[in-house]
Asks: 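So that we are looking at the same thing, I have put the structure below in structure tokens.
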Amino acid sequence: MNITNDILYIGVNDHETDLFEGQYIIPNGIAYNAYLIMDEKIAIMDTVDMKKCDDFLNNLEAALNGKTPDYVVVHHVEPDHASSLKVLLDKYPTLQVVTSSGAKNVLPLYHDIDLSNAIIVKEGSELNLGKHTLKFIAAPMVHWPEVVMSYDICDKVLFSADAFGKFGALDVEEDWDCEARRYYFNIVGKFGVQVQNVLKKAATLDIQTICPLHGPILSETIPHVLKQYNTWSSYGVETEGVYIAYVSMHGNTAKVAEKMKEILLEKGCPKVAFTDIAREDPAEALEDAFRYGKVILAAPTYNMGVMPLMADFLHHLSLKNYQNKTIGLIENGSWAPAAAKTMKAALAEMKNITIVEPVVTVKGALKDSYTDALNALADAILK
């Protein structure tokens with residue numbers, strides 16, 4: 001597949017892997033993207049996961065059409081992008097590795113390779129290929145410390161490493177936002193400040209095409225993609241409405257959460273997203289928690305604290321730098337309610353979290369006597 005006259009796609013699709021990074025379900029697979037720039041000097045732009053190395057090498061050989069490559073640019077050393085590097089260097093022993101100093105230090109942890117002749121690049125470094133010149137952009141912690149991106153001055157193409165990527169193989173048609181959002185908040189979400197720094201650098205470039213290491217090549221949708229990344233990385237509100245996330249031991253807290261949803265919709269809430277944390281993909285639940293600015297958490301008391309599934313959910317939010325949210329709490333506890341206190345303690349460790357009153361305490365089953373408190377909470381969070 002040609003991206004421009006001189007830039008070719010040589011990546012692969014993976015429909016065999018069930019869990020990305022050993023934890024995120026990928027029902028529509030994943031793409032490991034790699035690219036080839038054909039010029040006076042030929043540059044391979046990243047490799048792929050070792051499990052797809054043979055397909056990658058076949059794609060590369062077909063694109064080279066008998067020519068010998070000069071450089072392999074390693075933007076990111078994570079194994080899903082660089083674990084084929086040693087095989088590639090063994091096949092083409094004259095190849096020079098082009099990468100950051102941080103990557104040079106990390107690559108030997110994964111490969112027994114000689115990097116003594118590697119070309120080390122940093123912010124502002126350039127690599128001339130002939131007609132094409134790559135200008136390098138430091139992107140530390142997006143989402144590993146060694147990451148660099150590169151910008152082809154000739155064709156105005158940004159090779160963006162893991163930024164602007166998504167779950168899903170390229171032979172599957174699906175909405176970009178949904179799987180890009182899930183990918184972003186679960187993979188990159190902690191590093192919003194660093195993403196903001198990269199967006200500022202990107203704003204100085206005339207970018208006509210973005211070539212990420214996962215997901216589709218982007219062109220017409222670039223303004224939308226940049227807008228979404230700005231919202232996500234600034235921990236802003238993407239969708240107006242309320243997100244209700246709940247856990248329930250015997251179904252009683254679930255009924256309270258459902259009643260809360262009904263009340264919010266009756267009061268004109270534009271959208272109410274609703275998740276049973278025990279049955280939802282945890283990565284989807286985390287994605288929605290970031291998507292909305294207003295969230296209601298409902299959980300029963302358990303062992304004088306909160307039900308472990310809710311505690312785990314809050315822990316994962318904290319790990320991803322959760323912030324800038326308005327949150328309502330509903331607890332259930334038959335004799336000594338403690339879920340709200342435990343949730344408040346977890347939320348207190350996060351930034352710019354506003355907990356609205358009243359906290360609704362239910363003891364046992366949903367009854368009409370709780371309706372006033374639920375209405376008050378709905379009014380408070382919609383205010």
Side-chain angles (χ1 to χ4, degrees), residues 1-17 29-100 103-104 107 110-115 117-119 121 127-134 136 147-152 154-155 157-162 165 168-171 209-218:
M1 176 174 68
N2 279 37
I3 296 165
T4 69
N5 288 337
D6 304 320
I7 301 176
L8 290 74
Y9 181 83
I10 54 172
V12 296
N13 290 315
D14 176 4
H15 286 286
E16 287 76 52
T17 299
I30 192 78
Y32 309 121
N33 295 339
Y35 308 91
L36 187 68
I37 302 178
M38 299 294 289
D39 206 335
E40 294 172 24
K41 297 286 187 178
I42 298 173
I44 301 166
M45 311 297 279
D46 296 293
T47 68
V48 304
D49 194 292
M50 187 62 190
K51 65 174 70 76
K52 290 293 181 178
C53 183
D54 289 345
D55 293 338
F56 163 70
L57 291 177
N58 289 337
N59 291 344
L60 173 61
E61 289 177 14
L64 287 170
N65 195 25
K67 296 182 179 179
T68 301
D70 299 280
Y71 304 114
V72 54
V73 178
V74 179
H75 294 97
H76 180 28
V77 303
E78 203 167 2
D80 54 331
H81 306 301
S83 59
S84 296
L85 182 61
K86 187 178 188 313
V87 175
L88 182 69
L89 293 174
D90 288 343
K91 184 176 180 64
Y92 299 103
T94 61
L95 263 182
Q96 271 191 290
V97 175
V98 180
T99 197
S100 68
K104 184 181 179 182
L107 282 169
Y110 294 93
H111 308 281
D112 182 16
I113 55 178
D114 179 11
L115 293 173
N117 72 335
I119 298 173
V121 294
L127 180 68
N128 183 263
L129 304 176
K131 184 171 68 172
H132 297 265
T133 296
L134 295 175
F136 289 88
V147 174
V148 290
M149 301 178 182
S150 62
Y151 175 70
D152 174 31
C154 176
D155 284 347
V157 175
L158 178 67
F159 296 93
S160 64
D162 269 347
L170 299 192
D171 55 0
T209 305
I210 296 176
C211 290
L213 288 178
H214 295 296
I217 290 85
L218 305 167

Asks: Going by heavy atoms in the side chains, are Phe56 and Ile44 under 4.5 Å from each other?
Replies: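 Touching, per the 4.5 Å side-chain cut-off.
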Asks: Taking only residues two or more places apart in sequence, or in another chain, which ones meet Asp80 in a salt bridge (charged side-chain N to carboxylate O under 4.0 Å, His left out)?
Replies: none
Asks: Just jot down the side chain to side chain donor-acceptor pair (under 3.5 Å) partners of Asp162, sequence neighbours excluded, or say none.
Replies: His76, His81, His143, Tyr183
Asks: Side chain to side chain donor-acceptor pair (under 3.5 Å) with Asp114: which residues, sequence neighbours excluded?
Replies: Ser116
Asks: Kindly write out the residues that satisfy ring pair (Phe, Tyr, Trp, His ring centres under 6.0 Å) with His75, not counting sequence neighbours, or none if the list is empty.
Replies: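 By the ring pair (Phe, Tyr, Trp, His ring centres under 6.0 Å) rule, His75 matches no residue at all.
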Asks: Between Ser160 and Ile210 (side chain of the first, backbone of the second, donor and acceptor by atom type, cut-off under 3.5 Å), is there such a pair?
Replies: no
Asks: Is it the case that the side chain of Asp55 and the backbone of Val12 share a donor-acceptor pair, with hydrogens and angles ignored and the cut-off at 3.5 Å?
Replies: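 Pair absent, no side-chain N/O of Asp55 close to backbone of Val12.
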Asks: Please list, chain by chain and in numerical order, all residues satisfying salt bridge (charged side-chain N to carboxylate O under 4.0 Å, His left out) with Glu16, sequence neighbours excluded.
Replies: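 Expected list: Lys52.
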Asks: Go through the structure and list residues passing salt bridge (charged side-chain N to carboxylate O under 4.0 Å, His left out) with Lys67, not counting sequence neighbours.
Replies: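 Testing Lys67 for salt bridge (charged side-chain N to carboxylate O under 4.0 Å, His left out), a comparison that skips the adjacent residues, returns none.
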Asks: Under the side chain to side chain donor-acceptor pair (under 3.5 Å) rule, collect the residues that match up with His111, sequence neighbours excluded.
Replies: none
Asks: I'd like to check the side chain to side chain donor-acceptor pair (under 3.5 Å) partners of Asp171; sequence neighbours left out, ordered by chain and number.
Replies: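 So Asp171 forms a side chain to side chain donor-acceptor pair (under 3.5 Å) with His15.
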Asks: Can a donor-acceptor pair be found, under 3.5 Å and without considering hydrogens, that links the side chain of Ser84 to the backbone of Val48?
Replies: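 Side chain of Ser84 to backbone of Val48, a donor-acceptor pair under 3.5 Å: yes, one is there.
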Asks: Under 3.5 Å, which donor-acceptor pairs do the side chains of residues 86-95 form with other protein atoms, sequence neighbours left out?
Replies:
unit_1: Lys86; atom_1: NZ; unit_2: Asp90; atom_2: OD2; d: 3.0
unit_1: Lys91; atom_1: NZ; unit_2: Glu61; atom_2: OE2; d: 2.7

Asks: Please check this pair: side chain of Asn33 against backbone of Gly215, looking for a donor-acceptor N/O pair closer than 3.5 Å.
Replies: yes
Asks: Taking side-chain contact (heavy atoms from CB on, under 4.5 Å) as the definition, give me every residue that meets it alongside Ser83, ordered by chain and number, with sequence neighbours left out.
Replies: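 Only Asp49, Met50, Pro79 meet the side-chain contact (heavy atoms from CB on, under 4.5 Å) criterion with Ser83.
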Asks: Under the ring pair (Phe, Tyr, Trp, His ring centres under 6.0 Å) rule, collect the residues that match up with Phe159, sequence neighbours excluded.
Replies: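 Testing Phe159 for ring pair (Phe, Tyr, Trp, His ring centres under 6.0 Å), a comparison that skips the adjacent residues, returns Tyr35.
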Asks: With respect to Lys131, which candidate in Asp155, Asp152, Asp39, Asp6 satisfies the side-chain hydrogen bond (donor to acceptor under 3.5 Å, both in side chains) definition?
Replies: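 Passing option: Asp6.
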Asks: Taking only residues two or more places apart in sequence or in another chain, which ones pass salt bridge (charged side-chain N to carboxylate O under 4.0 Å, His left out) with Asp14?
Replies: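 Counting only residues at least two positions away or on another chain, Asp14 forms no salt bridge (charged side-chain N to carboxylate O under 4.0 Å, His left out).
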